[in-house]
Amino acid sequence: MADTKIKNRTAPVLKPAKPPLHKVILLNDDYTPREFVVQLLKAEFRVPEAQAAVIMLTAHTKGACVVAVFTKEIAEEKATRATEFARSNGFPLLFSTEPEE
């Protein structure tokens, strides 16, 4: 009789699914000053000034620009806070969210 070694199968390790990501989008308007947009992007999204200026100019020329990508809850919270801050300062600036493909 031959020696047969039986190896125990190890259970597969299941990784939790990554939460779906959502983009925060800055929508252009013709009323909010560029400097205010840059300051808001720096404060709420913690982007450096140079990056904030690029985001602002992209939204200005193309109509919209992705600011950042977060989990759905964080994206919605940041978009709401940024929009409400702009409104509280008298500007119609709008941020929205959408799922990332």
Side-chain angles (χ1 to χ4, degrees):
M1 192 164 184
D3 258 344
T4 306
K5 291 186 178 181
I6 300 174
K7 288 186 175 181
N8 290 336
R9 270 192 179 169
T10 56
V13 177
L14 300 176
K15 294 182 182 177
K18 291 184 179 179
L21 297 177
H22 281 64
K23 300 181 275 192
V24 176
I25 301 167
L26 166 62
L27 302 170
N28 184 53
D29 70 67
D30 294 328
Y31 304 100
T32 307
R34 294 178 179 193
E35 298 79 22
F36 179 84
V37 177
V38 169
Q39 293 306 315
L40 175 56
L41 291 169
K42 286 172 52 181
E44 182 61 42
F45 298 97
R46 306 214 183 278
V47 295
E49 187 156 353
Q51 184 181 354
V54 169
I55 292 168
M56 177 273 301
L57 285 172
T58 302
H60 181 70
T61 57
K62 296 188 175 185
C65 182
V66 174
V67 176
V69 178
F70 302 101
T71 59
K72 181 179 181 181
E73 294 78 20
I74 293 174
E76 288 175 349
E77 179 184 334
K78 286 189 169 285
T80 299
R81 272 204 324 237
T83 299
E84 287 176 353
F85 182 75
R87 300 285 158 82
S88 71
N89 282 274
F91 299 116
L93 192 63
L94 180 64
F95 290 82
S96 67
T97 63
E98 68 180 44
E100 185 180 53
E101 287 105 35

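Keep in mind the model is a prediction, meaning the values are calculated, not measured. Residue numbers count from 1 along this sequence.
If you look at Tyr31 and Phe36, their ring centroids are not closer than 6.0 Å.
Of all the heavy atoms in Val24 and Ala79, the pair that sits closest is CG1-CB, 4.2 Å. When every heavy atom of Leu27 is checked against every heavy atom of Leu93, the shortest pair comes out as O-CD1, 3.8 Å. Closest heavy-atom contact between Pro92 and Thr32: CD-OG1, 3.7 Å.
Remark: Glu77 CD to Thr97 OG1 distance equals 12.0 Å, nearest 0.5 Å. Here CD of Glu84 is found 10.5 Å from CD of Glu44. Values are rounded to the nearest 0.5 Å.
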Might you work through the side-chain contact (heavy atoms from CB on, under 4.5 Å) test for Lys23 and Glu101, ending with a clear yes or no? CA-CA 10 Å; Lys23 300 181 275 192; Glu101 287 105 35; 4.2 Å; yes
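Under the 4.5 Å side-chain contact rule for hydrophobic residues, Phe91 and Val38 share a cluster. No chain of hydrophobic side-chain contacts below 4.5 Å, direct or via other Ile, Leu, Val, Met, Phe, Trp or Tyr residues, connects Ile25 to Leu41.
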Would you mind writing out the side-chain donor-acceptor pairs for residues 55-74 within the sub-3.5 Å range, not counting sequence neighbours?
residue, atom, partner, partner atom, Å
Thr58, OG1, Val54, O, 2.8
His60, NE2, Arg34, NH2, 2.9
Thr61, OG1, Leu57, O, 3.0
Thr61, OG1, Thr58, O, 3.3

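With a 4.5 Å cut-off on side-chain heavy atoms, Phe95 and Leu40 count as touching. Taking 4.5 Å as the limit, some side-chain heavy atom of Asn28 sits within range of a side-chain heavy atom of Asp30.
Applying the salt bridge (charged side-chain N to carboxylate O under 4.0 Å, His left out) criterion to Lys42, with sequence neighbours excluded, gives Glu49.
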